[in-house]
2 protein chains.
Amino acid sequence: MTDSTRERILQAAGRVFADKGFQAATVRDICQEAEVNIAAVNYYFGEKQQLYVEAVRRARELRIAQVPFPKRAADSPPAERLRDFVHVIARRMLGTDGEPWQVRLMLREILSPTRACEEMVEDYFRPQFERLLGILAELLPDDTPEYRLRQIGFSVIGQCLFHRVAGEVVQMLTPPDEYRAHYQPEQIADHVCGLVFAALDNLSTHSAPRT
Amino acid sequence: MTDSTRERILQAAGRVFADKGFQAATVRDICQEAEVNIAAVNYYFGEKQQLYVEAVRRARELRIAQVPFPKRAADSPPAERLRDFVHVIARRMLGTDGEPWQVRLMLREILSPTRACEEMVEDYFRPQFERLLGILAELLPDDTPEYRLRQIGFSVIGQCLFHRVAGEVVQMLTPPDEYRAHYQPEQIADHVCGLVFAALDNLSTHSAPRT
DNA sequence: AGTTGTTTGAAACGGTTGTTTGAATCGCTC
DNA sequence: GAGCGATTCAAACAACCGTTTCAAACAACT
């Protein structure tokens with residue numbers, strides 16, 4: 001919001017932490033990026049660790065604001081709501097709109113959680129995941145056990161997150177023109193939707209899953 | 001193989017690099033873990049960077065040796081070969097047999113590739129991925145385009161890798177008893193197989209994928 | 001035993017780190 | 001404009017980093 005010194009430090013810290021990690025990022029790097037004196041970090045945040053925690057929080061806030069959920073009637077068909085959901089999380093994770101450091105910083109926390117992670121899970125991931133489970137419950141037979149809903153939910157998220165985690169390896173394994181043609185966020189979301197819908201169709205008609 | 005100084009350094013380096021990252025891991029940490037003098041690192045590897053590269057390579061070699069592919073007739077049904085494949089990569093990524101630092105070190109390379117990554121992709125990921133594509137080609141209609149095979153292949157791997165990347169977050173989002181009951185590597189593999197087989201069934205009967 | 005090349009050891013080097021200091025500067029009220 | 005708290009600045013601090021040094025210990029062969 002305000003373009004104050006404190007805010008400039010927070011965003012510069014986000015960028016530097018995101019592509020170097022906590023240890024490798026130096027407060028001198030961050031302060032140079034923010035065009036601020038070195039002592040400002042200790043003045044505003046006390047220590048490097050605290051700056052990191054607040055930078056992670058800010059990254060999450062900015063990212064959510066950039067790609068909000070579309071307004072849609074709560075009684076629209078569940079298939080449509082699932083499609084919306086996948087597209088939104090794909091764009092949040094992979095989208096080139098906004099700045100990439102925000103998601104990369106969050107990803108670091110997912111991979112090796114620090115103190116900053118608990119807050120991110122409770123305030124952000126959990127409500128989002130509950131929303132997904134609600135949609136899946138409508139698409140599957142009523143007797144589907146909770147644990148299967150969760151497993152399928154993780155499969156949906158996992159397929160999207162994979163391209164954020166392993167994007168560079170995906171690029172090495174895919175011919176360059178094919179990569180450019182088929183690995184935009186929207187297309188990945190479409191593919192995930194297609195695969196999941198196909199599976200759900202089958203799972204809800206043949207009620208017993210394969211063993 | 002040999003329990004020489006050099007080998008002890010390599011494995012200690014793997015452990016320390018895996019849970020601290022390249023920068024945060026100090027050669028003093030590594031040498032203390034390996035019970036060798038600090039100078040030994042420079043004697044055997046010249047510099048820290050080179051030690052890192054060789055530690056990543058050793059991690060991969062050890063991990064592959066621990067969970068080999070099962071011998072199976074090449075003309076066995078493709079569905080069976082897919083099941084084998086998923087179970088092997090799930091056990092390699094998530095399995096508690098062997099030591100966990102090996103996979104975590106490889107994961108760091110996937111997330112932010114350094115020089116050590118190219119070799120890992122070409123020698124390990126690419127042949128493994130090609131094997132998967134070959135199986136998928138047998139399970140899908142002949143006119144399925146290459147790019148769709150690859151997308152589905154990434155979906156298979158993505159669902160498994162997710163539990164390695166976000167395992168700790170999954171644990172936070174799942175009731176403890178449910179987690180213990182349903183998130184062992186074998187069960188995750190079974191779930192992925194179930195979902196993928198259900199989708200493939202549907203995609204190969206209704207030849208045109210949903211748009 | 002003596003010689004040669006390889007491996008280990010303790011100590012030190014220069015450089016960078018996070019953090020602190022104390023003075024200088026700003027923004028404001030009386 | 002004097003006073004005062006909030007903010008910025010250059011400089012320095014001790015601690016730690018990767019790397020080097022060089023002598024001691026070892027192994028193998030004549």
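Naming: A, B, ... by sequence-line order, numbering from 1 per chain.
- A/A25 comes within 4.0 angstrom of sugar-phosphate atoms only, judged by non-hydrogen atoms across all strands, and of no base.
- Distance B/Y44 OH to D/dT19 C1': 18 Å, rounded to the nearest Å.
- Rounded to a whole Å, the CD1 atom of A/I38 is 16 Å from the P atom of C/dT21.
- For C/dT20, neither phosphate oxygen OP1 nor OP2 lies less than 4.0 angstrom from any side-chain nitrogen or oxygen of A/Y43.
- Distance NZ (A/K48) to C1' (C/dT16): 12 Å, rounded to an integer number of Å.
- Here the side chain of B/R28 is nearest to one of C/dA12, C/dA10, D/dA10, namely C/dA12.
- In this structure, CD1 of B/I9 is placed 14 Å from P of D/dG18, rounded to the nearest angstrom.
- When distances run from any side-chain atom of B/E47 to the nucleotides D/dT8, C/dT19, D/dT19, the shortest one goes to D/dT19.
- Using a distance-only test at 3.5 Å, with no hydrogens or angles considered, a donor-acceptor pair links the side chain of A/R108 to the main chain of A/A18.
- For B/A39, taking side-chain heavy atoms from C-beta onward, the closest of the listed nucleotides C/dG9, C/dT19, C/dA12 is C/dG9.
- Proximity of A/T5 to the phosphate of D/dT8: a side-chain N or O atom is located under 4.0 Å from OP1 or OP2.
- Using a distance-only test at 3.5 Å, with no hydrogens or angles considered, no donor-acceptor pair links the side chain of A/E33 to the main chain of A/A13.
- At whole-Å resolution of the value, CD in A/E35 and C1' in D/dC9 are 15 Å apart.
- A/E118 CD: 12 or fewer foreign heavy atoms inside a 6.0 Å radius.
- In this structure, a donor-acceptor pair under 3.5 Å is absent between the side chains of B/Q128 and B/R131.
- To the nearest angstrom, P of D/dT7 lies 15 Å from CD of A/E7.
- Distance from the side chain of A/N37 is smallest to D/dT8 among C/dT19, C/dG9, D/dT8.
- Note: CG (B/D29) to C1' (D/dG18) measures 13 Å, nearest angstrom.
- A/R83 has no carboxylate O lying under 4.0 Å from a charged side-chain N of A/E80, or vice versa, which leaves the two without a salt bridge.
- Counting only heavy atoms from C-beta on, A/V27 has its side chain closest to C/dT19 among D/dG18, C/dT21, C/dT19.
- Listed nucleotides D/dG18, C/dT17, D/dT20 differ in distance to B/T26; the shortest reach to its side chain belongs to D/dG18.
- Counting to the nearest Å, the C1' atom of C/dT7 and the CZ atom of B/R8 are 12 Å from each other.
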